[in-house]
Amino acid sequence: MYTIQLLTSSFFIFAQDGAADSTKSSFQTLLIIPIMLVAMYFLVILPNKKEDKKRKEMIANLQKGDNVVTNSGLHGKIVEFKDNNETVVISISANTNVTFETSAIQKKK
């Protein structure tokens with residue numbers, strides 16, 4: 001966030017300095033957009049891709065008996081997998097089993 005603020009503040013400084021030369025100002029205006037897109041890629045998109053990759057790997061390595069936490073915050077132990085590992089049965093107490101989509105598992109405890 002600080003990088004974007006720094007870029008935009010420097011853009012306004014350049015725009016004020018180049019008020020006499022409109023071609024310089026318009027070039028800087030056009031230059032700031034790709035810079036912001038590159039910054040957005042490295043600050044937002046790339047970290048999310050890495051996190052998604054780690055989560056998919058964790059889901060692929062789940063086994064019976066693993067303690068997990070779902071997206072809704074439910075804690076339990078995996079009892080079985082169903083539907084070609086698309087759904088998972090989680091035991092939340094001695095006599096209570098709940099079925100979830102495998103993608104609903106947030107983390108392994």
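- A salt bridge (charged side-chain N to carboxylate O under 4.0 Å, His left out) with D66 holds for exactly one of K109, K108, K107; it is K108.
- Atom CG in D83 sits 8.0 Å away from atom CD in E101 (nearest 0.5 Å).
- Across every non-hydrogen atom of I32 and T29, the tightest pair is CG2-O, 3.1 Å.
- Hydrophobic clustering of Ile, Leu, Val, Met, Phe, Trp and Tyr side chains at less than 4.5 Å, counting indirect connections, unites I78 with V98.
- Minimum heavy-atom separation, N71 to S103: ND2-O, 3.9 Å.
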Just do the side chain to side chain contact (heavy atoms under 4.5 Å, CB included) check on K77 and N67 with the steps written out, would you?
CA-CA 4 Å; K77 182 183 277 189; N67 290 317; 3.6 Å; yes
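- Once rounded to the nearest 0.5 Å, the distance linking CD1 of I33 with CE of M36 reads 8.5 Å.
- Just one of I105, L74, T102, V88 meets the side chain to side chain contact (heavy atoms under 4.5 Å, CB included) condition when paired with V68; it is I105.
- Nearest heavy-atom pair, T96 versus S93, reported as atom, atom and distance to 0.1 Å: OG1-OG, 2.9 Å.
- Around the NZ atom of K50, the shell of radius 6.0 Å holds no more than 12 heavy atoms that belong to other residues, nucleotides or ligands.
- Note that the CD1 atom of I59 and the CD atom of Q106 stand 8.5 Å from one another [nearest 0.5 Å].
- Residues Y41 and L37 do not share a hydrophobic cluster, defined by chaining ILVMFWY side chains whose heavy atoms lie under 4.5 Å apart.
- Atom NZ in K56 sits 14.5 Å away from atom CG in N61 (nearest 0.5 Å).
- Expressed to the nearest 0.5 Å, how far CZ of F81 lies from CG of L62 amounts to 5.0 Å.
- No path of Ile, Leu, Val, Met, Phe, Trp and Tyr side chains, each step under 4.5 Å between heavy atoms, connects M40 with L46, placing them in separate hydrophobic clusters.
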